[in-house]
2 protein chains.
Amino acid sequence: MNSLTEENYLKALFNIANETGEVNVNELSRRLQIKMPTVTSMMKKLAQKKLVHYESYKPLHLTEKGKKEAGLIIRKHRLTEMFLVDKMKFGWEDVHDIAEQIEHIQSVVFFEKMEELLGYPKVDPHGSPIPDRNGKVVWKDYSKLSDCKVGETVRLSAVINTSSEFLKFLNSREMRLGLKIRIRSIEPFDKSIIVSYGKRQAEVLSNVVCERLLVEKDA
Amino acid sequence: MNSLTEENYLKALFNIANETGEVNVNELSRRLQIKMPTVTSMMKKLAQKKLVHYESYKPLHLTEKGKKEAGLIIRKHRLTEMFLVDKMKFGWEDVHDIAEQIEHIQSVVFFEKMEELLGYPKVDPHGSPIPDRNGKVVWKDYSKLSDCKVGETVRLSAVINTSSEFLKFLNSREMRLGLKIRIRSIEPFDKSIIVSYGKRQAEVLSNVVCERLLVEKDA
DNA sequence: AGATTTTGTTAGACGAATCTAACTTATTAC
DNA sequence: GTAATAAGTTAGATTCGTCTAACAAAATCT
Ligand SMILES: [Mn+2]
Ligand SMILES: [Mn+2]
Ligand SMILES: [Mn+2]
Ligand SMILES: [Mn+2]
């Protein structure tokens, strides 16, 4: 149906919209590392296929059809990441690039089997929700760790912007999803915070790090 | 390095050479369902890349480099098939089409991990040998069941021409790799044979079937 | 408001992989 | 050994996804 190339555009449109609200040609170009004229012409093509609403100089929007197809690719991506971590024992920092390729495999049963073997997981190894069979995805309303107050105890539920470097940094601090974290103090000057978790009593986390950590306040 | 398209040509060249000795443009065209002029121009391209020896109107040959690269793709294909059967519980009749896609995934660790999880298997689910890390592959010298004599007891070791239909036929007769088979009689007229195995005492197998079953004489 | 910068579009080209139509070489049949 | 058929090549076109250069519109700065 859609080419691998088209799939990557759809996915980027979906993800950017989710992160920053509005999508424009420039941002899409930056994200996909593809020059703007190429992006413009692909948008016209996707518009013809009724996957994108396109008007010159206006922000880009996926149609409902486009959202669904994008959601289904992201579903395959996230199921794959979960499979690689759970069943193939990869680290969470090593799965994205492989999933980026496997998400394009055309085989319904392949991903159904994955899902079954995984026990119908709701989230991927980075805490992002796995879209359902219709491509629909719902984010829980997590808070950023950087928005929490002194004294609170929270649970690490997801990470934003899952670069390998960032995930390795978290590994080096023994931080993983599900971790219970207590906020001991916040430095007003640079908004760095001191937290305790596991066996670590006073770990300093910069604001840059805290803004990428999504937490749930414990019930 | 090589495109997905080039990889499929290399694999076909390798497989046809293995099956029928000589490869020509016509056969490659038939196998890949690609018209002859397209094949000719790809051969010129692969010749430039030193993967194929090409001379107009002459049979086609992979270079050593070409054999190695083809072997490595087939390695990925067969490891994948084994993984799908062993770890993901697919039937041997359902894995080829998925493997046809996954063989093109670019990730050394992905296939290393597969191999490790599988315990370094020597053959794929159809009994074909898995090439080593250098793309080298060695076939054991199996016999065709159709070449065996009355009274012999053999072990089913591999199947030739692994179409889904043929494998489903074998499933329906409860035939699988490793099965011990005794040859009870051979009908001279059509070379069909009567065999016994497992709980089946007198199963008729046509010559067409027997020519596709590779067996080892039991030690 | 006008100048400058950023963003986006148009036009034209290119490589990869495919095709069809026409022609050539090799093989097979008689 | 010539005629017919099959196999292979050449030439030219097409689609996809990409690019650069040039131009146009929108946003930002002073
Ligand atoms: Mn990912
Ligand atoms: Mn991708
Ligand atoms: Mn196969
Ligand atoms: Mn393939």
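What you are looking at is a predicted structure, and each value in this text was computed from that prediction instead of being measured. Labels below follow one simple rule: chain letters A, B, ... track the order of the sequence lines, proteins then strands, and each chain is numbered from 1.
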Pairs: protein N or O with nucleotides 23-28 of chain C N or O, under 3.5 Å:
{"residue": "C:dT25", "atom": "O4'", "partner": "B:Tyr57", "partner atom": "OH", "Å": "3.4"}

NZ or CZ of B:Arg75 within 45° of B:Phe111 ring axis and under 6.0 Å: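 Relative to the ring axis of B:Phe111, which defines the angle, B:Arg75 lies outside at least one limit.
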
NZ (A:Lys65) with more than 12 external heavy atoms under 6.0 Å: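 Check passes, neighbour count above 12.
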
A:Lys44 vs C:dT10: side-chain N/O to OP1/OP2 distance below 4.0 Å: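 Answer is yes, contact under 4.0 Å.
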
Side-chain N or O of A:Thr40 closer than 4.0 Å to phosphate OP1/OP2 of C:dG8: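 No, outside the criterion.
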
Qualifying residue for side-chain contact (heavy atoms from CB on, under 4.5 Å) with B:Cys210, from B:Ile183, B:Val215, B:Leu205, B:Val195: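 The single option meeting the side-chain contact (heavy atoms from CB on, under 4.5 Å) with B:Cys210 is B:Leu205.
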
Stepwise side chain to side chain donor-acceptor pair (under 3.5 Å) check, B:Asn171 with B:Trp92: CA-CA 9 Å; B:Asn171 285 346; B:Trp92 66 347; 2.9 Å; yes

Could I get a table of every N or O pair under 3.5 Å where one atom is in the protein and the other is in nucleotides 18-21 of chain D?
{"residue": "D:dT18", "atom": "OP2", "partner": "A:Tyr9", "partner atom": "OH", "Å": "3.2"}
{"residue": "D:dC19", "atom": "OP2", "partner": "A:Lys35", "partner atom": "N", "Å": "3.0"}
{"residue": "D:dC19", "atom": "OP2", "partner": "A:Thr38", "partner atom": "OG1", "Å": "3.0"}

Any luck finding a side-chain donor-acceptor pair between [X] and [Y] under 3.5 Å?
X: B:Asp124; Y: B:His77; value: no
X: A:Asn24; Y: A:Lys58; value: no
X: A:Glu216; Y: A:Ser157; value: yes

Parallel, tilted or perpendicular: rings of B:Tyr142 and B:Trp139 (30°, 60°): perpendicular

Nearest-Å distance for atom pair OH/P, residues A:Tyr54 and C:dG8: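 Nearest whole value for this atom pair: 9 Å.
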
Heavy-atom side-chain proximity of B:Met36 to B:Asn26 below 4.5 angstrom: yes

Non-hydrogen side-chain atoms of B:Met82 and B:Lys87 separated by less than 4.5 Å: no

Proximity to DNA chain D (any heavy atom under 4.0 Å), residues of residues 23-31 of chain B only: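 Heavy-atom contacts with DNA chain D come from B:Asn24, B:Val25, B:Asn26.
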
